[in-house]
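Residue numbering restarts at 1 for every chain, and letters A, B, ... go by the order of the sequence lines. Just so it is clear, the values below take in all heavy atoms, side chains as well, and ignore hydrogens, waters and symmetry mates.
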Amino acid sequence: MTPPAALLRDPTALLPRLAAASSHLRALHAHLLVSGRLASPSHLAAFLASLASSTYHLSYARLLLPPRPATLLAHNALLRALARGPRPGLAFAAFCDLPLPPDHYSLNFLVRAATALAASAAEERSAASSGVDARLVPVSAHGAAVRWGHAADPHVQSGVVSMYAALGDAAAARAAFAEIACPDVVCVTAMLGALAAGGDVDAARDVFDGMPRRDHVAWNAMIAGYVHVGRSREALRLFDKMQGAGAAVGEATLVSVLTACAQMGALDRGKWVHGLLRSHGMRISVTLGTALVDMYSKCGVVVTAMEVFEGMGERNVYTWTGAVSGLAMNGMGTECLDLFKRMENAGIQPNGVTFVAVLRGCSMAGLVDEGRACFDSMKDKHGVDPWLEHYGCMVDLYGRAGRLEDAVNFINAMPVKPHEGVWGALLNASRIHNNVELGKYALDKLLAIESENDAAHVLLSNIYAESQNWNGVNRVRGMMKAKGVKKVPGWSAIEVDGKVHEFFVGGKSHPRYKEIELMLAEMNQRLRLQGYNANTKEVLFDIEEEEKEGAISMHSEKLALAFGLIALPEGMEIRIVKNLRVCRDCHDYTKLVSKVFNREIIMRDRNRFHHFKGGACSCRDYW
DNA sequence: ATAGGGTTAG
């Protein structure tokens, strides 16, 4: 990577290697030298910037710096390139080597470098990427701004606030913001973004509401803040207000709106955005295209997602990962693997997130050997260190396929301590394959790490219920009561005419509840004629009613399903999004409804899609 | 002559 010291002493010796790397840079250098333009600070700065954008050419770029510059321009250009480059930590070294006192530009680039460093440290989960302590970097950049008297520069100020935000330190961002005498709209937006990034969207909203002037970026920041914490409904409501306020709607906003639609499974709204893009002749950028792929995937329309994907001129790792993940979610394991291979062939380096997606795809489709090969290739072929999530995926892969022994052996062979996700995967596998002993074992391990995991308790209870062990069910219920573990209430959502209706377990608050009740009665009757019997095995104990069948029929997806049958025209598929996993009974029930009512039903649960048609489900009853 | 806030995958 870095050229040997001998080459650094004699830059001309670098030229052949430079040529091998990129002949056009060498030609450009020669041209600039001969024409005398390298003496011009702006040309030199531009050339330095282009050199410094590659780590390989960096040392060469440094040699071109004028020894006694009359201006900081060339140095600042180098700082800027380093800050934007793959190793932003290098900007710190360059900053220390400045032969002149830094100006407000230099400080700005230093702060940007610190931001990039903080962001990459957060992403990589390791602070050692540049040999600089990632937690000290922002403080020292901020300190340098104060030390050199540029802390009052508005560009530096907003940079410092968003730097602390990138580090995830909202308190430090607040403190820095409090120091600003007259924060302008940019600084306020940076503060708003810092609060939102820290998860405190309500505080962000207060800042937003208090702004004397809001430009489109401020609107975007607030909308994105809601999306960030999953409050997509409020995001869309704010987007409506934004349009009412006459703010300019651009790409960034629409990306956030698409993400909100994806979260909610709001296909109509998502399609509306897509139509808007087309009617305005907007170019589908990588980001926008990725958001579209994600939206269609999360609404269960894989075909359109892939059409958008194939039509994109440029795709990055986000785009590919989004598409791979979309196929995985929809249970298309083979297609998912094929796309992953295409990604490899296209020379796009997969990362940890990509592997989570492929492994999940393999797991959903029961492709055990293929998944194992992917896992092994992570480190060997791609240099990606497995995260705990990947180990969890592997346990899931073996476990779902019924290879419980392999799953246990895999856990025992793990080089790191298993986390709750690993035991959770084993617990779920025990449920699928009715292994009470293993389930108890997994839950014990899990509770030792995280004693209040509601989903884990529910899983164990379901294992007991499957084997008619009502004492076991009661025991788990008692454990939850004693520990105060609350089950997350289930909800299902369905979009009708662009409006998303939400149903909660046993909820009767919908304005059309009377009709829904009638429809439920009709459904139950027609299903019973087909031999349906409420499956009372997996009774979730959020319902205290005695009558088990009655309780089960009130699960939120059934309410949503009944409403869909009433409110959506015949022949139109019913799309339901729910926050938890579908229970066995609702799954059986929905399969039958798809047959008896001759409706296609697409249900997104916490983990994946179920495409019901003609009495069968795309998950092949394997989830 | 160089610079700021908002956008994509689990």
**OP:** For the residue pair A:V249 and A:W219, establish whether any side-chain heavy-atom pair is separated by less than 4.5 Å.
**Re:** no
Original post:
Between A:D202 and A:R231, is the closest basic N to carboxylate O distance under 4.0 Å?
Top reply: yes
Original post:
For the residue pair A:H274 and A:Y296, is the inter-centroid distance of their aromatic rings smaller than 6.0 Å?
Top reply: yes
Original post:
Checking only heavy atoms, does the side chain of A:T287 share a donor-acceptor pair with the base of B:dT7 at less than 3.5 Å?
Top reply: no
**OP:** Answer with yes or no whether A:D184 presents, from its side chain, a donor or acceptor under 3.5 Å of a partner atom in the base of B:dG4.
**Re:** yes
**OP:** Take the protein atom CD of A:E251 and the nucleotide atom P of B:dT8, then report the distance between them rounded to whole Å.
**Re:** 11 Å
Subject >> Presence of donor-acceptor pair under 3.5 Å, side chain of A:N316 and base of B:dA9 >> reply: no
**OP:** Find the distance A:N76:CG to B:dG4:C1' and express it as a whole number of Å.
**Re:** 15 Å
**OP:** Ignoring the backbone of A:C187, work out which of B:dA3, B:dG6, B:dG4 is nearest its side chain.
**Re:** B:dG4
Subject >> Nearest listed nucleotide, side chain of A:D153, among B:dA3, B:dG5, B:dT8 >> reply: B:dA3
**OP:** To the nearest Å, give me how far apart CZ (A:F109) and P (B:dA1) are.
**Re:** 15 Å
Original post:
Is the distance from OP1 or OP2 of B:dA3 to the nearest side-chain N or O of A:R80 less than 4.0 Å?
Top reply: yes
Original post:
In terms of the angle between their ring planes, are A:Y391 and A:F410 parallel, tilted or perpendicular, with boundaries placed at 30° and 60°?
Top reply: tilted
Original post:
Within the structure shown, what part of the strands sits under 4.0 Å from A:D294 by heavy-atom distance: base, sugar-phosphate, or nothing?
Top reply: sugar-phosphate
**OP:** Would you please confirm or rule out a distance under 4.0 Å between OP1 or OP2 of B:dG4 and any side-chain N or O of A:R112?
**Re:** yes
**OP:** Check if the side chain of A:S158 and the base of B:dG5 share a donor-acceptor pair of N or O atoms closer than 3.5 Å.
**Re:** no
Original post:
Which part of the nucleic acid, if any, lies within reach of A:R214 when heavy atoms closer than 4.0 Å are counted: base, sugar-phosphate only, or nothing?
Top reply: nothing
Original post:
Once you round it to whole Å, what is the distance between P of B:dA9 and CZ of A:F340?
Top reply: 19 Å
Original post:
Looking across every strand, which nucleic acid part, if any, lies under 4.0 Å from A:F355 by heavy atom: base, sugar-phosphate, or nothing?
Top reply: nothing
Original post:
Can you tell me if the side-chain N/O atoms of A:K298 get under 4.0 Å from OP1 or OP2 in B:dG10?
Top reply: yes
Original post:
Between B:dT8 atom P and A:N220 atom CG, what is the distance in whole Å?
Top reply: 11 Å
Subject >> Ring-ring centroid check A:H382 A:F355, cutoff 6.0 Å >> reply: yes
Subject >> d(CG, A:L98; P, B:dT2) in whole Å >> reply: 19 Å
**OP:** Identify whether any heavy atom of A:V156 sits under 4.0 Å from a base atom; if not, whether one sits that close to sugar-phosphate; answer base, sugar-phosphate or nothing.
**Re:** nothing
Subject >> Between C1' of B:dT8 and CZ of A:F309, the distance in whole Å >> reply: 13 Å
**OP:** May I ask you to say what A:A291 touches in the nucleic acid, namely base, sugar-phosphate or nothing, with a heavy-atom cut-off under 4.0 Å?
**Re:** nothing
Original post:
Atom CZ of A:R608 to atom P of B:dG10: distance rounded to whole Å?
Top reply: 16 Å
Subject >> Proximal nucleotide (of B:dT7, B:dT2, B:dG6) relative to the A:D103 side chain >> reply: B:dT2
**OP:** Would you classify A:A252 as touching base, sugar-phosphate or nothing, given that sugar-phosphate means primed atoms plus P, OP1 and OP2, and contacts are heavy atoms under 4.0 Å?
**Re:** base
Original post:
Between B:dA3, B:dG6, B:dG10, which one does the side chain of A:W387 approach most closely?
Top reply: B:dG10
Original post:
Which nucleotide, B:dA3, B:dA1, B:dG6, lies nearest any side-chain atom of A:H155?
Top reply: B:dA3
Original post:
Taking 4.0 angstrom as the limit, do A:K341 and A:E335 come out as a salt bridge?
Top reply: no
Subject >> From B:dG10, B:dG4, B:dA9, nucleotide with atom closest to A:T321 side chain >> reply: B:dA9
**OP:** Just call it for A:S106: base, sugar-phosphate, or nothing, with non-hydrogen atoms closer than 4.0 Å on any strand.
**Re:** nothing
Original post:
Does the ring centre of A:H142 sit less than 6.0 Å away from the ring centre of A:Y164?
Top reply: yes
